[in-house]
Chemist: 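Would you mind keeping the following structure in view while I ask a few things?
No experiment lies behind these values; they were computed from the predicted model shown. By convention in this document, chain letters (A, B, ...) are assigned in the order of the sequence lines, proteins followed by strands, and residues within each chain are numbered from 1.
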Amino acid sequence: MTWQNRHEGRPSSSRGASNVIEGPGGLESTTSTEEKEDSATSSVKEEEEEGLILPNMEEIKELSEEIEQILPSDFDFEFEEEIESQPYLDASFKEELEEKMKSSKYMKMLSSRKRLPAYKQRQEIIDLVNSNQIIVLSGETGCGKTTQVPQFILDDYIEKGKGSLCNVVCTQPRRISAISVAERVADERGEKQLEQSSVGYSIRLENRLPRKNGSILFCTTGIILRRLESDQKLKSVSHIIIDEVHERDLLCDFLMVVVKDLVALRPDLRVIVMSATLNAEKFSQYFNNCPHINIPGFTFPVKQHFLEDVIQLTKYRPDPEPTQRHKSKRYPKWKKYMMEEEEQEEWNMKAWARNLPTDQYSPNTISALTQIDTKKINLDLVMELLRHIVNKMEDGAVLVFVPGWKEISDLNKLLLEDSRINSRDLRIVPLHSLMPTVNQRDIFERPPAGIRKIVIATNIAETSITIDDIVYVIDCGFVKVKDFNPEKGLQTLESFPVSRANAQQRKGRAGRVQAGHCFHLFTSLQYAEMKEYIAPEILRTRLEELCLMIKILKLGKIESFVNKALDVPSAEAVKAAIVNLQNLQALDDNEELLPLGYHLARLPLDPHTGKMILFSAMFGCLDPICLIAACLNFKSPFFTPLGKEAQADRCRKALAGDSPSDHIMLLKAFKKWEIASRNGNGRKFCYDNFMSENVCKMLMKMKKQFAELLYNIGFVNSLDPRNKVANIHSDNENLITAVICAGLYPNIAKVHRVAKPNRSTVSVILQNGTKGYLHKGSVNANETYFPSKWLIYHKVMKTMAVNVYDCSVVSPYPLLFFGGKISFSLTNVKGRDRECVEIDGWIPFWTERATYDLVKDLRKQLDKILEDRIVSPRAVDLTVSSKEQVIINAIVDLISKEEVTHHDFRDDDQWDSNEVDY
DNA sequence: GAGCACTGC
């Protein structure tokens, strides 16, 4: 894929205000690992495009086969095998290494490696590893710890003539880093060829494995945890390096508990825990005060400027009446602490400002500091600073860290409209995981002379995306943090002040290739007093999947395992997860795995979407449900270019047609993409419809993986997600929605108030009574008609308000057959008793007693059949009639033929009573 | 009352 054909047929408007946002969908470049796919999917075959909902097997078989070739077909790396000394290999590895020393290329590489700080402590590190089972090794980015330490260990073994005994596994938190580090190390070792290489990587759905003995494997943390299922002692591993532990992600914290216990069972296993310098002692203490070695950093010097310096530099004066257009709210968190504590803090700040040395800070600066509100993000000040950098400071790209979409959008507007900056001289790059720019190459390109690149980014630029030519970093001082409230069962996403770790990491982004500057928009006083770290993920997230992992790896009681973690989650959070799993029939009262739980624990999905795909196999709609599951768990293929939000929404609405469902909309869009791909227009289709082709391809691979896993469990007869028997109902929208309901229940929202044309969005009530809204990105967000007021959803999150992110309208039968407990009652409505079936006591349907009895009887039989099939999985041929199948077919029939009357819900009164008849 | 970031045989 070259630069030119990324622009096929589309003129690039690199003149004028060169904001990179262009065209309907923006452009997307492919990463190196994806490149081969582009040629694979561009086969051309004449085929009529139908407005069908779901994939026609014949039509896309070809594409499927092509994708299949790309997939890793097998895992021939046998973790189960214990390492055995192989003298022949020992000798050959040693010879190979000695041979390399004669190569000028290798020696040149070696001499640059020797300049890394890590290399200077090579012997010390080797000795420490050899004489201790666990060590902590800390060092900043650029010191070479990740690339060098695994090689030190392996080469030391090889030199000592025991190379075959050394298999180093180094875990990485991100897929990208596993690949890029492996490639870098292979390069350093002069092993470009992939066969029998001493270096490899393994990430989900993609691996290049190294040779079996004498190797270094870089893998994601999730991969090693999965491998533990079949090899509890990691028998084939001699050294495990857990990298980036300071990031404290969930899987990494989990792995540390496992490894801490494992060392007792594997006295020969060596563990190296690698972290940033800050707080490294905490890890050493955790591993019983194990030795700790620190490697000093190696990046270019970055001058740190705090708020007082920025004000002095820019002569910024806080506007007593900030302009309305970008006046941002004080973040909700601060509202809670608006009392004495905060007043005290502000007073401290004023006292501190008045005591600043007057030879460095002018009276105006000091006065500004006493007026400025440091509890909210200040884009006025960011603009003042940008003007200063753009107009007065030397060339070099600028990276601005802001918390989220809104600030990226606001700052982008301010920059384009500013009278004191010539926007023609700027290349503004908004960077957010949901914007198309994350896949564009432009972000890494150096702009032409005289053009200043300004990247406005979220935390994505803190670790995931590294832009080398950044010289100036502006750290706005806030970051979005996900949290979880176990009492309300609600996930939240709010802005918080950054931690010192964030600040340091952001600063480091300015010194990658040359000396730089970092401007923090908080005072040095705040810096000195700020929290070292944001709370680790394990304290801020739902724990269902963690619990299932504990059980499948047979790590004992959930609570006692969790109590061994570096930071222990609250008892409420653990309890909430266990109760949820018990309600799902995944765990029994003793917290042991039930048959369903056993299947769910083996699927790389959250328990609800896992249940969904199990049901899809039993109800003959495997392919579409696997796609929806992949999308809900991984990411949506849709992105939104900055400034084209409404256009992207309309586009998805058009793709949905008359289906009141985000999930069905996805199927329709995907189907169209597959047809376009076959005609060689996949890329254009994605571009026109605000989709990411890379994500589509990834979803396709995941879908295939799910089918393979279901095949392994025994639920389907074929490895192909599209096999006919498992897709007999795959064009049945009603049934697909019912299976979604079976998986995602009890995530039901009730439509409370429909949208007013062109004004509001739909408001909903959740089961616990919480009021929320449909997220603007949902195809139902602006709906004025609903055929049923019940919506099934996967994700709800509280930001400024409670938002439901995806949903499908669900009719009564799926709720009755796949929902919670059903009961019959007489309800008094306006003085009249009415017969009513209720699901879990909150979803009522008016009906006669006889209907209730019939449904109840069918439901009982269905539950028995499903339970039996979960206990003894087998591929079901829905075309073959059996007594069981008659029941299932009857229910499928009822669901398929159900038509719900369209109710006009514009009459608000209707919502307050339960007058909706079915 | 519109979207921090990751991840899994």
Chemist: Rounded to the Å, how far apart are A:L548 CG and B:dG8 C1'?
Modeler: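 The distance from CG of A:L548 to C1' of B:dG8 comes to 13 Å, rounded to the nearest Å.
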Chemist: For a quick check of understanding: with a heavy-atom distance under 4.0 Å over all strands, which category does A:L493 fall into, base, sugar-phosphate or nothing?
Modeler: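 Base, at least one base atom sits under 4.0 Å.
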Chemist: In whole Å, I'd like the distance from the NZ atom of A:K480 to the P atom of B:dC6.
Modeler: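 The answer, rounded to whole Å, is 15 Å.
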Chemist: Tell me which residues in residues 772-779 of chain A lie within less than 4.0 Å of DNA chain B, going by non-hydrogen atoms.
Modeler: A:Y773, A:H775, A:K776, A:G777
Chemist: Identify, with sequence neighbours excluded, every residue that meets ring-ring contact (aromatic ring centres under 6.0 Å, His included) alongside A:Y793.
Modeler: none
Chemist: What is the nucleic acid contact for A:R226, judged by heavy atoms within less than 4.0 Å: base, sugar-phosphate only, or nothing?
Modeler: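 Counting heavy atoms under 4.0 Å across all strands, the contact made by A:R226 includes a base.
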Chemist: List the residues meeting salt bridge (Lys or Arg N to Asp or Glu O under 4.0 Å) with A:E247, not counting sequence neighbours, and say none if there are none.
Modeler: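 With neighbours one apart ignored, the set is A:R174.
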Chemist: Is it the case that B:dA2 (base atoms only) and A:D649 (side chain only) share a donor and an acceptor within less than 3.5 Å, ignoring hydrogens and angles?
Modeler: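 By the distance-only test, yes, there is a pair.
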Chemist: Mind checking if A:E247 touches a base, just sugar-phosphate, or nothing, with heavy atoms under 4.0 Å?
Modeler: nothing
Chemist: Are A:V498 and A:F522 side-chain neighbours, meaning at least one heavy-atom pair lies under 4.5 Å?
Modeler: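 Yes; the side chains approach each other to less than 4.5 Å.
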Chemist: Is the phosphate of B:dG3 approached by A:H432 (side-chain N or O, under 4.0 Å from OP1 or OP2)?
Modeler: no
Chemist: Quick one: salt bridge (Lys or Arg N to Asp or Glu O under 4.0 Å) partners of A:E537, sequence neighbours excluded?
Modeler: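 Listed in chain order: nothing, the list is empty.
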Chemist: Can you tell me how far C1' of B:dA5 sits from CZ of A:R248, to the nearest Å?
Modeler: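 After rounding, the reported distance stands at 16 Å.
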Chemist: List the atom of A:D243, the atom of A:P173, and the distance in Å for their closest heavy-atom pair.
Modeler: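 Shortest heavy-atom separation between A:D243 and A:P173 comes out as O-CD, 4.2 Å.
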Chemist: Heavy atoms under 4.0 Å, any strand shown: does A:L434 hit a base, just sugar-phosphate, or nothing?
Modeler: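 Since a base atom lies under 4.0 Å of A:L434, the category is base.
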Chemist: Contact class for A:T221 (heavy atom, under 4.0 Å): base, sugar-phosphate, or nothing?
Modeler: nothing
Chemist: Regarding A:K235 and A:D231, does a basic nitrogen lie under 4.0 Å from an acidic carboxylate oxygen?
Modeler: yes
Chemist: Is any N or O donor-acceptor pair between the side chain of A:Q705 and the base of B:dG8 shorter than 3.5 Å?
Modeler: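 Looking at the base of B:dG8, it does not pair with any donor or acceptor on the side chain of A:Q705 (distance under 3.5 Å).
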Chemist: Which residues pass the salt bridge (Lys or Arg N to Asp or Glu O under 4.0 Å) test with A:E532, sequence neighbours left out?
Modeler: A:R500
Chemist: With a 4.0 Å cut-off on heavy atoms, is A:E229 in touch with a base, just the backbone sugar-phosphate, or nothing at all?
Modeler: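 Counting heavy atoms under 4.0 Å across all strands, no contact is made by A:E229.
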Chemist: Give the rounded distance in Å between these two atoms: CD of A:E206 and C1' of B:dC9.
Modeler: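 Whole-Å distance recorded here is 14 Å.
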Chemist: Side-chain N or O of A:T458 less than 4.0 angstrom from OP1 or OP2 on B:dA5?
Modeler: yes
Chemist: Of A:Y805 and A:P173, whose closest DNA chain B nucleotide lies nearer the 5' terminus?
Modeler: A:Y805
Chemist: Nearest whole Å is fine: how far is B:dC4 P from A:E537 CD?
Modeler: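 Result: 16 Å.
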Chemist: Rounded off to whole Å, could you give me the CD1-to-P distance for the A:I465 and B:dC4 pair?
Modeler: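 Distance check: A:I465 CD1 to B:dC4 P gives 15 Å.
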Chemist: Whole angstroms only, please: what is the CZ-P distance between A:F478 and B:dC4?
Modeler: 15 Å
Chemist: Both A:D249 and A:M797 contact DNA chain B. Which one's nearest nucleotide lies toward the 5' end?
Modeler: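 Result of the comparison: A:M797.
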Chemist: Determine whether the aromatic ring centres of A:H599 and A:F715 lie less than 6.0 Å apart.
Modeler: yes
Chemist: Looking at A:N803, does any N or O in its side chain come under 4.0 Å of the phosphate oxygens OP1/OP2 on B:dG3?
Modeler: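 Looking at the OP1 and OP2 atoms of B:dG3, one of them is under 4.0 Å from a side-chain N or O of A:N803.
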Chemist: Looking at B:dG1, I'd like to know if its phosphate oxygens (OP1 or OP2) sit under 4.0 Å from a side-chain N or O belonging to A:S760.
Modeler: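 It does not, given that no N or O in the side chain of A:S760 lies less than 4.0 Å from OP1 or OP2 of B:dG1.
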Chemist: Strictly below 4.0 Å: does A:R175 bring a side-chain N or O up to OP1 or OP2 of B:dG8?
Modeler: yes
Chemist: With sequence neighbours left out, write down each residue that passes salt bridge (Lys or Arg N to Asp or Glu O under 4.0 Å) with A:D483, or none if nothing qualifies.
Modeler: none
Chemist: Using a cut-off of strictly less than 4.0 Å, decide whether A:T799 has a side-chain nitrogen or oxygen near OP1 or OP2 of B:dG3.
Modeler: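 Indeed, a polar side-chain atom of A:T799 lies that close.
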Chemist: Any side-chain N or O of A:S433 under 4.0 Å from OP1/OP2 of B:dA5?
Modeler: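 So the side chain of A:S433 is within the cut-off, an N or O lying under 4.0 Å from OP1 or OP2 of B:dA5.
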Chemist: B:dG8, OP1 or OP2 - any side-chain N/O from A:T220 closer than 4.0 Å?
Modeler: yes
Chemist: Write down the distance between CG (A:L217) and P (B:dC9), rounded to a whole number of angstrom.
Modeler: 12 Å
